[in-house]
There are 2 protein chains.
Amino acid sequence: MSEDLKLNMNAYLPLRDVVFQTLREAILKGDLRPGERLMELQLAAKLGVSRTPIREAIRMLEQEGLAVTIPRKGAEVARMTEKDMEDVLQIREALDDLAVQVACDKITQEQLERLMATMKNFELAVQAGDLSKIVAYDVEFHDVIYEATDNPKLVILLSNLREQIYRYRVEYLKEKENYPMLIVEHEEIVQALKQKNKERVADAMRNHIRNQAEVVKNIIREQE
Amino acid sequence: MSEDLKLNMNAYLPLRDVVFQTLREAILKGDLRPGERLMELQLAAKLGVSRTPIREAIRMLEQEGLAVTIPRKGAEVARMTEKDMEDVLQIREALDDLAVQVACDKITQEQLERLMATMKNFELAVQAGDLSKIVAYDVEFHDVIYEATDNPKLVILLSNLREQIYRYRVEYLKEKENYPMLIVEHEEIVQALKQKNKERVADAMRNHIRNQAEVVKNIIREQE
DNA sequence: AAAGTGTATATTGTATACAGAATACAATAT
DNA sequence: ATATTGTATTCTGTATACAATATACACTTT
């Protein structure tokens, strides 16, 4: 933990939430590395708060699968083996499959338009080579589909799964040569959704997820 | 919160874990009702601990979807509308479908035997009319299948979903006339698993879950 | 050297104190 | 009567103090 974590002091949120968001982002960006210990006093000092909100934020990170705590030993950033990632991806595939099929029935015209707009923005970000926008629009693309399911619990679950994958996937998105395929895959998904063709949309999504899976697993394999 | 919650003082677990288990069980058994406020001081006094472990336990209950907290207002036992339950069941159906298909490939001979033994125990418990055993063996039946997936993250997710359903389903299990169908459904699942017939096993599980779904939704509808 | 023991230190676990926000309710004004 | 304000009270949010445990490391023993 070499970097200066800094709180984004949003006056009216409980500190635990602010701390949670801060630590979460640090983990996702890789500033806090897998296996790194999350020591309460240290974090409290660094963030200028007491241990109480730190502890509560850590409990929340556990929820998300981003931290693991061993009683009387403390918490650390969750490590992920290739097997762990395979497990997560297996679940994500099943739920994304569900999401996209439900979305097929329920997606509104307005959501479809947002989806296309997001896809366009994604392409523009790719052309501009703006990594943070690329990531943001990729996330938004999938979020629109998730929201179209009209199942908030599913949205939360999928966001959570994606989060666990993304902290490795960011590496992948740095490689420009991967963008064209992503764009094609997204377009295929949108086309299938427009046609409300469940089989096609499920195939397209499965293909998209599996391609991600390969890449992410390679990254983990390299790290290990 | 009229009943006396009592801690099961397991010397070496952090109090937050003991409190968590205690509150969790109280919610699942219905001793703490949906919508009931979880007030820190009150709970702390009742359980004979300070607010700190109570607060952390509440954060953990949030994880499980059993509590909801509103900043500066406090926590309450999560309410569930029929729509919420439909959302949960939709997810559970997808994941149980995944679980049972993976189990088809991976289940070991020993696990199959445990499954049959559990089914037998379930039937005996039904004959004896022992509700707590009926519930326990029903849970175990599904747990064996979950574990056969060799995907611990999936096991946790499914246990969590089941938990959200079970606190309503307990009502249903009190009605003896429902048992014969449960037994038949379980048998069908085991048969299909033995044959490693993925389609049949998926159909059987889907049927089992959907029947549950109807019952649970009726119970909620009555409550509302 | 290797294994074990003792002690200092670091870290988590728990209780408590205090500050600030939400709530309930009475008093007042409209 | 209804709405509004003020105030007491209850509750959460946060910091901090103290206790219990784990860890590291020097020291002893074999």
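In what follows, every chain begins at residue 1, and chains take the letters A, B, ... in the order their sequences are listed.
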Whole-Å gap separating [atom2] ([N]) and [atom1] ([X]):
X      : N       : atom1 : atom2 : answer
M39(B) : dG13(D) : CE    : P     : 14 Å
R51(A) : dC18(D) : CZ    : C1'   : 11 Å
E76(A) : dT12(C) : CD    : P     : 12 Å
L41(B) : dT12(D) : CG    : C1'   : 9 Å
E40(B) : dT14(D) : CD    : C1'   : 12 Å
L15(B) : dA20(D) : CG    : P     : 12 Å
E56(A) : dT14(C) : CD    : C1'   : 13 Å

Do [X] side-chain atoms and [Y] backbone N/O form a donor-acceptor pair below 3.5 Å?
X       : Y       : value
D87(A)  : N151(B) : no
R37(B)  : K73(B)  : yes
Y179(A) : L173(A) : yes

Before you tell me yes or no, could you show the steps for E86(B) and K83(B) under salt bridge (Lys or Arg N to Asp or Glu O under 4.0 Å), namely the whole-Å CA-CA distance, both residues' side-chain angles and the distance that decides it to 0.1 Å?
CA-CA 5 Å; E86(B) 277 170 1; K83(B) 168 70 164 65; over 6 Å; no
Residue pair D138(B), R162(B): steps toward the salt bridge (Lys or Arg N to Asp or Glu O under 4.0 Å) verdict:
CA-CA 11 Å; D138(B) 188 30; R162(B) 177 177 58 200; over 6 Å; no
Please classify the nucleic acid contact of I54(A) as base, sugar-phosphate, or nothing, using heavy-atom distances under 4.0 Å.
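Since no nucleic acid heavy atom lies under 4.0 Å of I54(A), the category is nothing.
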Under 4.0 angstrom, heavy atoms only, what part of the nucleic acid is R16(B) near: base, sugar-phosphate, or nothing?
sugar-phosphate
Can you give each donor-acceptor pair under 3.5 Å made by side-chain atoms of residues 98-107 of chain B, sequence neighbours left out, with the distance rounded to 0.1 Å?
from, atom 1, to, atom 2, distance (Å)
Q101(B), NE2, D97(B), OD2, 3.0
D105(B), OD2, K198(B), NZ, 2.9

Which word best sums up how the rings of H186(A) and H208(A) line up, parallel for under 30°, tilted for 30 to 60°, or perpendicular for over 60°?
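H186(A) and H208(A): perpendicular rings.
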Can you identify which nucleotide, out of [options], has its nearest atom closest to the [X] side chain?
X      : options                   : result
S50(A) : dT11(C), dA21(C), dT16(D) : dT16(D)
K73(B) : dT12(C), dA22(C), dT14(D) : dA22(C)
R37(A) : dC11(D), dT12(C), dT14(D) : dT12(C)
R72(A) : dA15(C), dT12(D), dA22(D) : dA22(D)

T52(B) or L38(B): which one's nearest nucleotide on DNA chain D is closer to the 5' end?
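It is L38(B) whose nearest nucleotide is closer to the 5' end.
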Using 0.5 Å steps for rounding, measure from the CG atom of N160(A) to the CD atom of Q164(A).
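With rounding to 0.5 Å, CG (N160(A)) is 5.0 Å from CD (Q164(A)).
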Crowding at NZ, K29(A) (>12 non-hydrogen neighbours, <6.0 Å)
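No, because the 6.0 Å sphere around NZ of K29(A) holds 12 heavy atoms or fewer from other groups.
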Can you pull out the residues from residues 57-71 of chain A that lie within a 4.0 Å heavy-atom distance of DNA chain D?
none
Taking atom types as modelled, is there a side-chain donor on T118(B) or N121(B) under 3.5 Å from an acceptor on the other?
no
Within the structure, does a side-chain N or O atom of R55(A) lie under 4.0 Å from either OP1 or OP2 of dG13(C)?
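Yes, such a contact exists.
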What is the bend of the helix from dA1(C)-dT30(D) to dT30(C)-dA1(D) when you compare the axis at one end with the axis at the other, using five pairs each and rounding to 10°?
10°
